[in-house]
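Single-structure report; data block below.
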Amino acid sequence: MPTFRIETRDHCYSAIVERGIAGQAAQFLPPRHGKVFVATTEDVWRHQGATLARGLAGVAHEVLYFPGGEERKRLAHVEQLAEEMVERGADRSSVVIAFGGGIVNDMAGFLAAIFMRGIPVLQIPTTLLAQVDAAIGGKTGVNLVGGKNLIGSFHQPVAVLIDPAALDTLPEREYRAGLWEIIKAGIIREPGLFHFLAEHSREILERWRDAVDCIIADSVRMKAEVVSTDEREGDLRRILNFGHTFGHALEAETGYTRFLHGEAVAWGMRAAVYLSELTGHLSAEDSVEILETIERYGPIPPLDGIPAENLLARLVRDKKTIQGRVHFVLAVRIGEVTVVSGIDEKLVIEAIRSALA
Ligand code: GLY
């Protein structure tokens, strides 16, 4: 059972990667807990609810449904569910289980973070993207019209249970979206993982068990190391935003409806690679290798009709922008990135245009 420890100043917990682990969920609930609320979507519950219900056998639990879709990751829904919890008798001893993809992990984590000033959350991610990124590290939140995840808080879970078997029913598009986050993990810190992805796309796209388990475990290890070093994104954790600053701009510009998060990140990584090359940080050779590998897991949905200038304007509203200075994570080589600010806007718009082409 690959288990990775996340150790922050105030919390210490495990992210466990194991087939069938969702069927053992009850073991990971905090001692002397009160009511258990499973926050999920109707779709996830229909496909996978039986597994979790088995894992909670003997533990009474109630199911709360979030609407799916990034455009509905909004404060109003969190408030609605908090009201529902109160009506159903929730108190400070209650626990939330976040059971779903990244949107559920973010929203349910945020619900737990603010309900009665904070109750425990157990994260059980069911999409690849959530398993390798969103559910680990305690970032929770919701979107504003003005930008992605602009309301939120850090709220570390009691554990993260990552069951690769949950991916068996994951639609192809969602699966590919998650693979792009794994490519990101390779680019920023794991050259071995990157080359494995570059060389074994057939096995990975066909979801061969060993290949899938291996790339998930590598990504989770990397994320656990980074979050344990820098929980609050003061320093090292910023590398996880490679491709995200551009990607968030794309998601917000298209009303959160046209691209899955992982697809926006794939496009954002393309823009980041072009910018890395234009600013002299990355060699043409590494740039081609990264772009080809991103492409291999494509296609990214069509990008027509999106004005480059609008994306540039949105970069400034990202929460990684500080006092008007946009901080870009740029690639130096495969497995190493750096954070740079003060880049000439002309180069940024050129990178955006190249990535949109
Ligand atoms: N998804 C980026 C982070 O967790 O910091």
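Along the sequence shown, residues carry numbers from 1. Please read all numbers here as calculations on a predicted model, not as lab measurements. Just follow the structure's listing: the first ligand is 1, and inside any ligand the first atom is 1.
Salt bridge present: Arg202 and Glu206 bring a charged side-chain N and a carboxylate O closer than 4.0 Å. Contact check on Glu62 versus Lys35 returns a salt bridge, with a Lys/Arg side-chain nitrogen under 4.0 Å from an Asp/Glu carboxylate oxygen.
Residues forming a side chain to side chain contact (heavy atoms under 4.5 Å, CB included) with Asp210 (at least two apart in sequence, or on another chain): none. In terms of the ring-ring contact (aromatic ring centres under 6.0 Å, His included) criterion, Phe115 has no residue partners (sequence neighbours excluded).
Polar contact check, Arg237 against ligand 1: a nitrogen or oxygen pair lies under 3.5 Å apart. The shortest N/O to N/O separation between Asn241 and ligand 1 does not fall below 3.5 Å.
Lys223 NZ, 2.5 Å is the protein heavy atom nearest to atom 4 (O) of ligand 1. Here the heavy atom of the protein found nearest to atom 1 (N) of ligand 1 is Asp133 OD2, 2.9 Å.
Counting only non-hydrogen atoms, the option in Arg232, His261, Lys139, His244 that gets closest to atom 2 (C) of ligand 1 is Lys139.
Counting only N and O atoms by type, the side chains of Glu203 and His200 include a donor and acceptor under 3.5 Å apart.
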